[in-house]
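Okay, so here's the structure we're looking at.
Just so we're on the same page: letters track the sequence lines, and every chain starts at 1.
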There are 2 protein chains.
Amino acid sequence: MQNSEAMALSAALLAVAGELTRRIHDGVVARGFEGVRPVHGYAFARLAPDGATVTELAVHLGVTKQAASQLVDELVRKGYAERRPHPGDARARLVVLTEAGWACARAAEEAAAEAVRAWGDVLGEAQVHALREGLLRITPDGPIRPAW
Amino acid sequence: MQNSEAMALSAALLAVAGELTRRIHDGVVARGFEGVRPVHGYAFARLAPDGATVTELAVHLGVTKQAASQLVDELVRKGYAERRPHPGDARARLVVLTEAGWACARAAEEAAAEAVRAWGDVLGEAQVHALREGLLRITPDGPIRPAW
DNA sequence: GTATATGGTCAAGCTACTTGACCATATGCC
DNA sequence: GGCATATGGTCAAGTAGCTTGACCATATAC
C-alpha cells in the first residue's frame, strides 16, 4: 500500500471519529444533558460498571490524577457522579455514577446508535458489521486519549 | 443493531483513532521534527496543495480565525510555514509550507503508513482495503475537528 | 515500629483556545 | 467617483483544562 493510500485511510478514520464525537455530543445535549464534554463520555465508560478510584480514572484517560480529580469535581458539581468511601482502603474514594449519570450514559448510547444507523444507511448492515469486527481486532489496549 | 453494539463500534473507532494519532505523532517526532502537535498535521493537510489563507485554515480546522492565526504564527516561528502576499487580494496573505514543512508532512505520511501496515499484519491486506473503502464512504464533509 | 509507597487534594502556572476591538482592503450601489 | 458595508487579518485580554510541585493520610514491606 502506498503512503498516500495509508494517509487517505488515516484521514478518513480521523474525520469519521471527529464527526462521531460531534454527533454523540450533540445527541446528548439534545436529550437535555448540559455542561457535558466529550471527555466525560470516556470517564462514564470507566465509572459505569462498578465505579473507579480517581487514580484508575486517570490511567484510563491518560491524564494526571490531579486532572482526573478535577474532572470528578466537575461531574459531582453537575450531579452526574459522587464520591463514596472505598470499601477496603481508607485512603481511596470510590467514584460512582448517580442516577443522572446513568441517564446521561444511556443518552450517549442512543446517540451513538443513531450515528451508526446513519452509516448503515450508506454501507448496509453487513458492511457495518464487518467494520465493527475489523476495528475491534485492531483496537489497542491502554488509555483512551484525545485524538489530537 | 443494539445500542450496546453501536457503542462497542463507536468506542473501538475512537480508540483506534486516538492510537493512530499517537503513532503518527510519535513517528514524526522520531524522524526529528520537534515541537509539532497533532493539530499541525491537519493544518499541513490544508496548506499542502497550494497554500491557504488564515480564514480558510480556520474553517478547515473548525476554530476561530484568531486561533488559526496564532497557529500560523507558531508554524512560522518553527520554520514550517511562511506568510506571502496574496495574489489578487491585498488584504489577505497566503500561508504556504516551507521546505521543512513539506519534509514534516512527508514524515507524517510515512508514520501513517507504518501504523496502517501494523493493521495489515492483523487484518490482512484485503480487509484493510475494505476498511478504507467503507470509511471513505462515510467520511463527512466540513471541518476537521479534534475527536474530543 | 519505622521507612517507603500509594491515593488523594491544594495551589500555582502554562497553553491553546475564546471573545471583543480594531485596521486595511474589497465589494456593492447610487 | 464616493460612500456604506463586508471581509481578511491582527492585537489584546480573558478562560478552561490541563500540567508540575508540595503536601497529608493511610497502606505496605521489612
Side-chain angles (χ1 to χ4, degrees), chain A residues 18 21-22 25 29 34-44 46-47 50-78 80-96 143-148, chain B residues 18 21-22 25 29 34-44 46-47 50-78 80-96 143-148:
Chain A
T21 300
R22 196 189 61 73
H25 180 255
V29 171
E34 299 193 7
V36 287
R37 289 176 290 131
V39 68
H40 294 151
Y42 296 89
F44 284 13
R46 184 65 182 80
L47 298 177
D50 303 297
T53 65
V54 162
T55 297
E56 288 166 345
L57 186 59
V59 170
H60 177 72
L61 296 177
V63 299
T64 61
K65 58 185 181 177
Q66 291 92 324
S69 184
Q70 290 169 15
L71 193 140
V72 170
D73 284 344
E74 189 186 346
L75 290 178
V76 169
R77 186 166 12 96
K78 290 175 177 166
Y80 294 120
E82 59 185 16
R83 289 184 166 97
R84 293 191 178 168
H86 193 288
D89 190 338
R91 296 170 305 176
R93 316 224 257 161
L94 192 62
V95 182
V96 297
I144 303 289
R145 292 243 50 175
W148 75 81
Chain B
T21 300
R22 196 188 60 73
H25 180 255
V29 170
E34 298 193 9
V36 286
R37 289 176 292 132
V39 68
H40 294 150
Y42 295 89
F44 283 13
R46 184 65 184 80
L47 298 177
D50 302 297
T53 65
V54 162
T55 297
E56 288 167 346
L57 186 59
V59 170
H60 177 72
L61 296 176
V63 298
T64 61
K65 59 184 181 177
Q66 292 92 325
S69 184
Q70 291 170 15
L71 193 140
V72 170
D73 284 344
E74 190 185 345
L75 290 178
V76 169
R77 185 165 14 94
K78 291 175 176 167
Y80 295 120
E82 58 185 17
R83 288 183 167 96
R84 295 191 177 169
H86 192 289
D89 190 339
R91 296 171 304 177
R93 315 223 256 163
L94 192 63
V95 182
V96 298
I144 303 290
R145 291 242 50 174
W148 76 81

Notebook entry, point to check: Does a side-chain heavy-atom distance below 4.5 Å link B:L71 with B:V63?
Noted result: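 No, their side chains stay 4.5 Å or more apart.
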Margin query: Are the side chains of A:L57 and A:V95 in contact, using a 4.5 Å heavy-atom criterion?
Written below: no
Notebook entry, point to check: Think A:T55 has a side-chain N or O under 4.0 angstrom from the OP1 or OP2 of C:dT6?
Noted result: no
Note to self: Measuring to OP1 and OP2 of C:dG7, would you say a side-chain N or O of A:R93 lies under 4.0 angstrom away?
What the structure shows: no
Item checked: Near-strand residues of residues 67-75 of chain B, defined as heavy-atom separation under 4.0 angstrom from DNA chain D -> B:S69
Rounded to whole Å, how long is the line connecting atom [atom1] of [X] with atom [atom2] of [N]?
X	N	atom1	atom2	value
A:H40	D:dC18	NE2	C1'	13 Å
B:L57	C:dC17	CG	C1'	14 Å
B:H86	D:dT10	NE2	P	13 Å
B:K78	C:dA16	NZ	C1'	11 Å
B:R37	D:dG17	CZ	P	17 Å

Measure across [X] and [Y] and return the closest heavy-atom pair with its distance rounded to 0.1 Å.
X	Y	answer
A:G35	A:E74	O-OE2, 4.1 Å
B:Y42	B:H60	O-NE2, 3.2 Å
A:L94	A:P87	CD2-CD, 4.5 Å
A:V54	A:S69	CG1-N, 3.8 Å

Hey, what do you get for [atom1] ([X]) to [atom2] ([Y]), rounding to the nearest 0.5 Å?
X	Y	atom1	atom2	answer
B:T53	B:D89	OG1	CG	9.0 Å
A:E56	A:L47	CD	CG	9.5 Å
A:K78	A:H40	NZ	NE2	5.5 Å

Sort me out a list of protein N/O and nucleotides 26-28 of chain C N/O pairs below 3.5 Å, or just none if empty.
| from | atom 1 | to | atom 2 | distance (Å) |
| --- | --- | --- | --- | --- |
| C:dA26 | OP1 | B:A90 | N | 2.9 |
| C:dA26 | O4' | B:R91 | NE | 3.3 |

Checklist line | Within residues 57-73 of chain B or reaching into it, pairs that qualify as salt bridge (charged side-chain N to carboxylate O under 4.0 Å, His left out) - sequence neighbours excluded | finding: B:D73-B:R83
Margin query: According to side-chain contact (heavy atoms from CB on, under 4.5 Å), who are the partners of B:R84, at least two apart in sequence or on a separate chain?
Written below: B:E82, B:V96
Check nucleotides 20-22 of chain C for protein N or O atoms closer than 3.5 Å to its own N or O atoms and list the pairs.
| from | atom 1 | to | atom 2 | distance (Å) |
| --- | --- | --- | --- | --- |
| C:dG20 | O6 | B:Q66 | NE2 | 2.7 |

Margin query: Using a 4.0 Å heavy-atom cut-off, does A:T64 contact any base of the nucleic acid, only the sugar-phosphate backbone, or nothing at all?
Written below: base
Notebook entry, point to check: With no hydrogens and no angle check, is any side-chain donor or acceptor of B:H25 less than 3.5 Å from a backbone partner on B:V36?
Noted result: yes
Next item on the list: Take the C1' atoms of the five end pairs on each side of the helix from C:dG1-D:dC30 to C:dC30-D:dG1, get both axes, and report the angle to 10 degrees.
Entry: 30°
